[in-house]
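What's counted below: heavy atoms across the whole structure, side chains too, no hydrogens, waters or symmetry copies. A, B, ... follow the sequence lines: proteins, then strands. Residue 1 opens every chain.
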There are 2 protein chains.
Amino acid sequence: MAASAPEHIHPREVPLATALAALADPVRLTLVRELAAAEDWERPCGSFDVPVRKAALSHHFAVLRQVGLLEQRDRGQRRYNRLRRPEFDERFPGLLDLALRTDLD
Amino acid sequence: MAASAPEHIHPREVPLATALAALADPVRLTLVRELAAAEDWERPCGSFDVPVRKAALSHHFAVLRQVGLLEQRDRGQRRYNRLRRPEFDERFPGLLDLALRTDLD
DNA sequence: CGGATTGTTCGACGAACTTCGTACACTCCT
DNA sequence: AGGAGTGTACGAAGTTCGTCGAACAATCCG
């Protein structure tokens, strides 16, 4: 699995422009939407349907982590994911709701 | 003034990711905020306090126009600006409000 | 008309972003 | 111990983005 434990930061410390840039990407938007449709800790990194290889996928997960939207936890040989929805909503009200609206694509 | 009349498109035709990308830039964020603080048609393009030359400034205005957030109108030798706030809010509820919150920077 | 003002367009440059392949780290299972 | 499975780190390549200077267009004014 991963070489190092993932570092998490709180959405509080994230500038608005950084959060917008993180969500302004089709791959990351897909990740966020699939995560929102699943239970917390249900999905390991490799279980997402996106058209990039695992190196790029790992990068996108890092971006989402660095805006405080994603939390990761290692269990066994996999890294499981969870959306930090309450924390992110508190900092950027309505933004995640907007990102989940597939009718706006 | 301008070489061609500005072309406007409605926010309805703008994908979410494009709108997010347009607002994920510090210069454009400044433009939007100064516009929000002014009356409609009050500010010509050259009246904004941003650290870029006019070529770059023109580019940023074009980006905002192409996401349906900015409307421009020529009068005399100047091009005046207005935020298309109701239209944009209808398409992306809450997004502009978020962009105007300087406490999130 | 001629000059000043305002903003766009064009071509170019550097920085940043995205992706990839490969190598490595960690865990589970036999 | 060894092998398979999962994800990260690193370096390289290609693309996109933001910026600039210079040239151009349109308007106003003397």
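For B:Tyr80, there are no ring pair (Phe, Tyr, Trp, His ring centres under 6.0 Å) partners at least two apart in sequence or on another chain.
Straight-line distance from the CG atom of B:Leu70 to the P atom of C:dG7: 12 Å, rounded to whole Å. Put simply, CZ on A:Arg73 is 19 Å from P on C:dC26, counting in whole angstrom units. What separates OH of B:Tyr80 from P of D:dC28 is a distance of 11 Å, to the nearest Å. Rounded to a whole Å, the CG atom of B:Leu57 is 13 Å from the C1' atom of D:dG18. Whole-Å rounding puts the B:Gln77 CD to C:dT6 P distance at 6 Å. Between B:Arg75 atom CZ and D:dT27 atom C1' there is a gap of 13 Å when expressed in whole angstrom units. Here C:dC26 presents its P atom at 17 Å from CD of A:Gln72, a figure rounded to the nearest Å. In this structure, the CG atom of A:Asp74 is 8 Å from the P atom of C:dT27, given to the nearest Å.
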Determine all donor-acceptor pairs shorter than 3.5 Å in which one atom belongs to a side chain in residues 18-27 of chain B; sequence neighbours excluded.
{"unit_1": "B:Asp25", "atom_1": "OD1", "unit_2": "B:Val27", "atom_2": "N", "d": "2.8"}
{"unit_1": "B:Asp25", "atom_1": "OD1", "unit_2": "B:Arg28", "atom_2": "N", "d": "3.0"}

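Between A:Arg79 and D:dT6, a side-chain N or O to OP1/OP2 separation shorter than 4.0 Å is absent.
No side-chain heavy atom of A:Arg65 sits less than 4.5 Å from a side-chain heavy atom of A:Glu71.
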Can you give one letter per nucleotide of nucleotides 16-23 of chain C, going 5' to 3': B for a protein heavy atom under 4.0 Å from the base, S for sugar-phosphate only, - for none?
-> --SBBB--

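For the pair A:Phe92 and A:Leu16, the tightest heavy-atom approach, listed with the atom from each and the gap, is CE2-CA, 3.8 Å. Considering all non-hydrogen atoms of both residues, A:Arg85 and A:Ala36 come closest at NH1-CB, 4.2 Å.
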With side-chain contact (heavy atoms from CB on, under 4.5 Å) as the test, would you mind laying out the steps for A:Arg91 and B:Leu104 before giving the verdict?
-> CA-CA 8 Å; A:Arg91 169 79 168 163; B:Leu104 297 179; 3.6 Å; yes

